[in-house]
Amino acid sequence: MPQHPRHRWLRWPSEPGRPRLAFGADYNPEQWPREVWREDMRAMKTAGVNIVSLAIFSWARIQPRAAAWDFAWLDEVMDLLHGHGIAADLATATASPPPWLTAAHPEILPVDRDGRTVWPGARQHWRPTSPVFRAHALELVAALAERYGTHPALAAWHVNNELGCHNVYDYSDDAARAFRLWLRRRYGTIGALNHAWATTFWSQTYGDWEQVLPPRRPAPGSYPNPTQQLDFKRFSSDALREHLRAERDLLRQYTPDIPVTTNFLLMGDTRGMHYAEWAAELDFVANDHYVIPGPQGLDELSFSANLVGNLAGGRPWYLMEHSTSAVNWQPVNKAKAPGELARDSLTHVAHGADAVCFFQWRQSAGGAEKYHSAMIPHAGEDSDVFRAVTELGATLRDLAPVAGTPREPARAAILFDWESWWASEQDSHPSDRVRYRREALDWYTAFLNLGIRADVVPAHGAWERYELVVAPILYMVPRPLADRLEAFVDAGGHLVTTYFSGIVDEHEHVWLGGYPGALRDLLGLRIEEFGPLLDDERVALDDGSTGTLWTDRIDVVDPATEVLVRYTTGEQAGRPAVTRRALGPGSAAYVSTRLGPAGLTPLLATLAARAGVPSELPAALRGAVELAVRGAHRFLINRTDRPLDVSALAGPGRVLAPRAVMVVTS
Ligand code: GLA
């Protein structure tokens, strides 16, 4: 098989060299009569749509029975698109197996932790490790690749859809078999597994691989082995990645020149898929993002886009889905306010997206997502949503010179580590209130409040080039990571970490000798006991801030460790709350409680100033505006809900979206 260069962008059917941003949506023509398809083409042209994701949930339409194929409708849609100059990101259609398949092969249905079957009737009801499902899925992929591999509209392949959104954890017998194989590859011998899983505890020692199971429902009030749980998370992410690879490899056999992607779901609390490991599998990274309502909703969007941009290695990425207005899966689904559609879209562009797409093109009249917004809402084209969509299309056309330009790295970074996320929130810990991503987001908000750009980067990526690195709740620190952190500080870097960091190795075994084990010497402190707080407990700090969730009983053990802030109330009153150990020009700081954005902002101002990392915004705009830089373009994103005067930032600026985003080119 030929070698494939990674990170290829869309294959545009026409004028491949012309810089442009992709704009479009999931397009589900199978939900509509054919007459509507022509209306769709006309309206897509009006809106400036140049690409759609097609056939994502079309399996039942393409293959209505085991041996029956119906491509006529898809041929027509592909031709129509091409005739209108619209490219196709063609899905492999494997996301939702049709009823004939699950009826004939109920053994492809996932099984939950309690041994209950996950029934068809919704979507993604398939086991990632089912050989039967895999064979049927690959048959479909091959059929599509054969038929459309040379179609002129084809710009990219879209593997499945949001792999793992609903099926990441499957406890079936197929999963048990695959889990054992995965464990054998990881540990080699059953003895090594016994050591890693600390099976001397609770009489869990295994004599043979066949005895090992996924962490199915344990005795009430009890906990499955923690390393078994953690390995099952690792395995489950890998199992889906295997499925992705299987589809991708087949596509590459048929069409070596067509880029392959799949849409990540890097947003909010979605955590099952280790996207830092998945990103390298794709020709380009794609993500779906939906705004989570609340005071940090926009910050969370920026945080996610920022991390996706870094997973993409600074190269362009594809925003595969977001919403024009309301979603349908929150308890209460609010419409977007005027300006938000453009602001949200352009925030993704500011962080490196070269494609802005929505779920979906035309709002469904029936089915489970009929109340989810779309580019054409139920009200039709004569609507504020469609007008805002059309305006955005024009804005993106004007922004074409941004396409292909890299994000400019910041001087500060937040480390993001899936393994620490998974492990720090496992059960049977000092507190079940620890929230890894929330802590990371709080630091990001503090950076935004100060007008200091910070990249969100995977812990296993190359973060040594940053001057200031914040590693919140870096709970799992295997020896090599501890060595890297030490070398970083030795070389003059500034590290900030928080409570519940440096505690365990890769097997979730505690580093002994006092917390924070792996980071104890680097931070110059020692903790004998954690001091988690009850929900209604608050502790005061002598810088005026308030801590919640956690405290530590800290002893400073190195003369170079300075106490920056002390507790004034609670069990640790008088003891250090925030410390900083200077090491030549570098430093290692520790924050032992949850301060939230309000407490972190002034503290980070101090830490950043001492690290020599300045704000990049004039005082008047700090907090009100987010700055993101791509090549010669500086994006100023309005974080408030009022119009802002950004004239303090002189330059040939253009307001792209009134009240939302301004772009300054230098
Ligand atoms: C996900 C899916 C889409 C749709 C949207 C709704 O992102 O990929 O098919 O369900 O959610 O928000």
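FYI, side chains are in, hydrogens and waters are out, and symmetry mates aren't considered; it's all heavy atoms of this structure. Order of appearance sets the numbers: ligands from 1, and atoms from 1 within every ligand. No experiment lies behind these values; they were computed from the predicted model shown.
His322 and Ser345 share a donor-acceptor pair across their side chains, judged by distance under 3.5 Å alone. For the residue pair Asn161/Arg123, the side-chain donor-acceptor check at 3.5 Å is not satisfied.
The salt bridge (Lys or Arg N to Asp or Glu O under 4.0 Å) contacts involving residues 298-318 comprise Asp299-Arg639, Glu300-Arg437, where partners must be two or more places apart or lie in separate chains.
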In sequence, state the C-alpha distance, the side-chain angles, and the governing distance for Ser420 and Tyr436, and then conclude on side chain to side chain donor-acceptor pair (under 3.5 Å).
CA-CA 8 Å; Ser420 277; Tyr436 177 87; 5.6 Å; no

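At a 4.0 Å heavy-atom cut-off, the residues surrounding ligand 1 are Phe57, Arg123, Asn161, Glu162, Asp288, Tyr290, Glu321, Trp329, Phe359, Glu369, His372, listed by chain and number.
When the salt bridge (charged side-chain N to carboxylate O under 4.0 Å, His left out) test is applied to Glu321, no partner is found at least two apart in sequence or on another chain. Contacts of Ala394 classified as side chain to side chain contact (heavy atoms under 4.5 Å, CB included), with partners at least two apart in sequence or in another chain: Arg397.
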